[in-house]
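Residue numbering restarts at 1 for every chain, and letters A, B, ... go by the order of the sequence lines.
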Number of protein chains: 2
Amino acid sequence: MAGRRTRSEIVAAADELFYRMGFEPTSFADIAEKVNISRGNFYHHFKTKDEILNEVIQKRAADRRTMLDAWEQEESTPERRIARFIDILAINCDKIRLHGCPIGTLTGELAKLDHPAREEATALFTLFRNWLSRQFAQLVPHKEADRLAMELLARSQGAATLYNAFRDDDFLRREIAAMKAWLAGISAGRKSAHD
Amino acid sequence: MAGRRTRSEIVAAADELFYRMGFEPTSFADIAEKVNISRGNFYHHFKTKDEILNEVIQKRAADRRTMLDAWEQEESTPERRIARFIDILAINCDKIRLHGCPIGTLTGELAKLDHPAREEATALFTLFRNWLSRQFAQLVPHKEADRLAMELLARSQGAATLYNAFRDDDFLRREIAAMKAWLAGISAGRKSAHD
DNA sequence: GACGAATTAGGGCGATCGTCCTAATTTTCA
DNA sequence: TGAAAATTAGGACGATCGCCCTAATTCGTC
């Protein structure tokens, strides 16, 4: 049963390498070296690189799901939950600075490769989109919730992209503050008139 | 002197291939085939792949500079000029849908590769940043201009990333409309109070 | 302790990568 | 027009790619 652990170690290593270097530039040899196993052993667990990619995507989805569940348990209001999402940028800023958003950069790379797993990667976005939409639905009419979810998703992606490019800490701080102010404005207008 | 034309054809082909497939996945063979020249001839013009990349970045910078200059001539107000920037998303939506933003995806890839030319690619962003900043400076106090430029740049990047992922035309239209409304609000409050 | 299954190691497959070289051809211009 | 320079073609280099095979070792179970 030690094979199961090796397999998950491979996926974890591939997850990080795909994030840091990208899917295409990461080779079997890179992953095998990181896990400290031979390439032959490697092949016993995964026949193709795409198999690993699928597993990595599933792992990322599972990781995000447990994270979202935790936020749902730990925070009592939708506004605080959405704020946790915005905080990702601050918490992971060191990694984002160097490698961008793990989800945004993966979907972008797979789009360019015209890779079959592209839609599976997009599903990672959908995970956040639906979760945010459910939170916003508690603050605004249901019809607007998904639009706000997409708006916030887009804004965080833009912030990650430009932070990765310019690496300007002040900019990131401003964007986070602006998103939180935007969020406060939405939850403040919950029962009042529009805007 | 025909060598000059071949050289620029190589750069043009590389430009498009780097955009469509990414820098790393594009091979010498890909470019040579697209230009219909032998790989040997290819080597006569460019010794290394990085040389081509640098030339491609310079070409992209030149293309954008002429585009920005044209906007400056064709539009009489800063608001209309900034609107031209926002319109990029609509005009290039077919390409963005498939391959994302040429500048955003290149800087992202080079960041992952830890490539020496990363900062040169970031300079493409700076081109737009400074141009937008100059336009905003005619609408708001100079201290706020750069922040607004970064904000708009970020928002357009986020829109491009999510449009590339979800390929939702309604979303892109909404984002464009929202950016234009945001812009109208800024230029309307030019001489009035803040917000 | 033995035996079948699971796991590991290591090497080799053809293909392609970026790069480089040489020789043939074309162009330039005294 | 003839020699020098610029351009082109085509192939070969070692390295590495994803992928596959076989043999050895470890493990689980009776």
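Between the NE2 atom of B:His45 and the C1' atom of C:dC20 there is a distance of 16 Å, rounded to whole Å. Taking atom CZ on B:Phe28 and atom C1' on D:dC17, their separation rounds to 17 Å, with Å as the unit. Rounded to whole angstrom, the span from the CZ atom of A:Arg4 across to the P atom of C:dA5 amounts to 18 Å. When the P atom of C:dT16 is taken as reference, atom NZ of B:Lys49 falls 15 Å away, rounded to whole Å. Between B:Phe42 atom CZ and C:dG18 atom P the separation is 9 Å, expressed in whole Å. Atom NE2 of A:His44 is separated from atom C1' of D:dC19 by 16 Å (rounded to the nearest Å). Here the C1' atom of nucleotide C:dT7 and the CZ atom of A:Phe46 are 14 Å apart, to the nearest Å. Between B:Glu51 atom CD and C:dG18 atom P the separation is 14 Å, expressed in whole Å.
Ring centroids of A:Trp131 and A:Phe125 are separated by 6.0 Å or more, keeping the two rings apart. B:Phe23 has its ring centre less than 6.0 Å from the ring centre of B:His115.
Ion pairing between a basic and an acidic side chain is recognised when a charged N comes within 4.0 Å of a carboxylate O; B:Arg174 and B:Asp169 show no such pairing. Note on B:Glu16 versus B:Arg20: salt bridge recorded, some NZ/NE/NH1/NH2 to OD/OE distance being below 4.0 Å. Between B:Arg7 and B:Glu55 there is a salt bridge, since a side-chain N of the basic residue sits under 4.0 Å from a carboxylate O of the acidic one. The residues B:Lys59 and B:Asp63 are annotated as salt-bridged, a charged nitrogen and a carboxylate oxygen being separated by less than 4.0 angstrom. Ionic pairing of B:Arg155 and A:Glu151 is present here: one or more N-O contacts between side-chain nitrogen and carboxylate oxygen are shorter than 4.0 angstrom.
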Problem - Summary of protein contacts for nucleotides 21-26 of chain C, nucleotide by nucleotide, where a base hit scores B, a sugar-phosphate-only hit scores S (4.0 Å, heavy atoms) - result: ------
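Remark: B:Lys95 engages no residue in a side-chain hydrogen bond (donor to acceptor under 3.5 Å, both in side chains) (not counting sequence neighbours).
For B:Arg60 and B:Phe18, the positive end is not near the middle of the six-membered ring at less than 6.0 Å and at most 45° from its axis.
Contacts between residues 10-22 of chain A and DNA chain D, defined by a heavy-atom separation below 4.0 Å, involve no residue at all.
Mapping B:Ile37 and A:Ala29 onto DNA chain D via the closest heavy atom, the residue that lands nearer the 5' end is B:Ile37.
Put simply, B:Ser27 has no side-chain N or O that comes within less than 4.0 Å of OP1 or OP2 on C:dT16. The shortest distance between the side-chain N/O atoms of A:Thr6 and the OP1/OP2 oxygens of C:dT8 is below 4.0 Å.
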